[in-house]
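Beneath this line is the structure, given in structure tokens, with notes to follow.
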Amino acid sequence: MKTTTFLAAIAPFAPFTHGYLEDPPTTAAPDTVQDCSYWDIATSRSTCADFATIWAISLADFVTYNPSVGTSCQLTVGNSYCVERNFGNPPVATSTSTSAKPTSTTSAGNGVSTPSPIQAGMTTNCNSFYLTKSGDDCAGILSKFGVSLAQFYAWNPAVGSTCTGLWLDTYVCVGAIGFVTSTVTKTTTSAVVTTTAAGNGISTPTPIQTGMATNCNTFYLVKANDECGTIASSKGISLANFYSWNPAVGSSCGSLWLDTYVCVNVIGGTTIVSTPTSTQKPTTTSAGNGIATPTPIQAGMVTNCRTFHLVVSNDECGTIATKAGITLANFYTYNPGVGSSCGSLWLGYYVCIGL
């Protein structure tokens, strides 16, 4: 297993030399994203793919965070590279100072006027545009215009494969020449059941997204402001199971559709009923550090933890980390049992938020 050079985040109140959220410990390219909150140092054996795998981000995101590496992904030994933006939360982009009126240009060959500003790499055959506004995310845009996550990312590669590079007050492509939208028609009443899953005798309401588990026996109608993590937590299931039963929402919940049913349990499935401790009084002591560790905890939690948090309904790894003032990368390091994408954060269990 490859050994990487890992660095601890600089204290949050240290001065920001280049306006980063956390200063790099060594030289960083000046075009590195300014909302970088965590860094790793390149060694002679490092590759871009290694960084992406270790920090659970896509290679495309790594290149977006660190444009200096170029399309061939060339690293400079000893330099610092960004592996986390905005403490794991979607970055807030700065709006343009120009007026809202777009300045139109014409894409070569297709005769369609393209408004500005746009992000680099947008498809040249786009014929339908949307100006992003505060509160937008990729999932909401997809649902509104009836496009798939794969199509949206293909037309707008600069937003990144997990929507972390979506800029405010910037036009994105939501339709291309020859593309037909797949608008989802909302049922007139939630009580109407139109299909029956073959063989299991359970009536399946509509609409649903493609690929939903055929042995589903419990459904939930997605409403405004829902997220995959909160749905899973409220229904007592793991996020990993939710993604498995609803593959169309994507591995990072980038395509959860409003007013569409998702599966929240299957035949033979069980919910996770976690009973939190009745008091905050700890029951065990971590060896060597003299700090009492409350229970229950998930397997693998670091033994030198000094500060704990009891997971409550609607908690997510990113929000816990932000409130605790730690990076998401550190949170995952302290609590490996939650998984690399927060797929196994258990309700009513203690997690580590400080050493």
Side-chain angles (χ1 to χ4, degrees), residues 58 90 128 130 132 135-156 159-164 166 172-176 179-269 271-272 314 316 339 341-345:
S58 70
S128 184
Y130 173 73
T132 59
D136 274 341
D137 58 22
C138 291
I141 296 172
L142 297 176
S143 179
K144 182 182 297 184
F145 292 97
V147 299
S148 72
L149 186 63
Q151 286 162 340
F152 185 77
Y153 287 151
W155 296 337
N156 305 278
V159 305
S161 62
T162 56
C163 201
T164 54
L166 183 67
V172 290
C173 182
V174 292
F179 171 74
V180 179
T181 60
S182 54
T183 305
V184 177
T185 304
K186 185 174 141 181
T187 52
T188 56
T189 169
S190 59
V192 174
V193 177
T194 59
T195 62
T196 302
N200 69 0
I202 303 295
S203 295
T204 303
T206 59
I208 62 172
Q209 290 183 251
T210 59
M212 190 176 75
T214 57
N215 62 334
C216 186
N217 65 356
T218 310
F219 306 89
Y220 173 78
L221 183 63
V222 178
K223 57 183 184 295
N225 300 319
D226 273 341
E227 296 179 2
C228 295
T230 55
I231 294 173
S233 178
S234 67
K235 300 302 177 182
I237 59 175
S238 72
L239 191 55
N241 276 347
F242 182 83
Y243 286 147
S244 174
W245 300 336
N246 305 278
V249 304
S251 60
S252 58
C253 203
S255 192
L256 181 68
W257 288 359
L258 182 68
D259 294 327
T260 303
Y261 286 90
V262 289
C263 180
V264 292
N265 213 336
V266 295
I267 296 172
T271 56
I272 302 169
N314 298 326
E316 294 182 1
S341 60
C342 203
S344 298
L345 182 67

Let me confirm one number: the OH-SG distance from Tyr220 to Cys263, rounded to the nearest 0.5 Å. 14.0 Å
Spatial distance of atom CD1 (Ile208) from atom OG1 (Thr260) [nearest 0.5 Å]: 9.5 Å
Out of curiosity, Tyr130 OH to Asn156 CG, how far, rounded to the nearest 0.5 Å? 12.5 Å
Do Met212 and Phe219 have side-chain heavy atoms sitting under 4.5 Å apart? yes
Which heavy atom of Trp155 sits nearest to which heavy atom of Cys173, and what is that distance? CE3-O, 3.7 Å
Would you call Thr204 and Tyr261 a side-chain contact if the rule is heavy atoms closer than 4.5 Å? no
List for me each residue that meets side chain to side chain contact (heavy atoms under 4.5 Å, CB included) alongside Glu316, sequence neighbours excluded, and say none if there are none. Glu227, Thr230, Thr319
Looking at Ile141 and Val174, what are the two nearest heavy atoms and their distance? CG2-CG1, 3.8 Å
Where Ile202 and Asn217 come nearest, the two heavy atoms and their spacing: CG2-CA, 3.8 Å
Contacts of type side chain to side chain contact (heavy atoms under 4.5 Å, CB included), residue Thr218, not counting sequence neighbours: Val264, Asn265
For Asp136 versus Leu166, what's the shortest heavy-atom pair and its separation? O-CD2, 4.1 Å
What's the verdict on side chain to side chain contact (heavy atoms under 4.5 Å, CB included) for Gln209 and Asn246, showing C-alpha distance, side-chain angles and the deciding distance? CA-CA 8 Å; Gln209 290 183 251; Asn246 305 278; over 6 Å; no
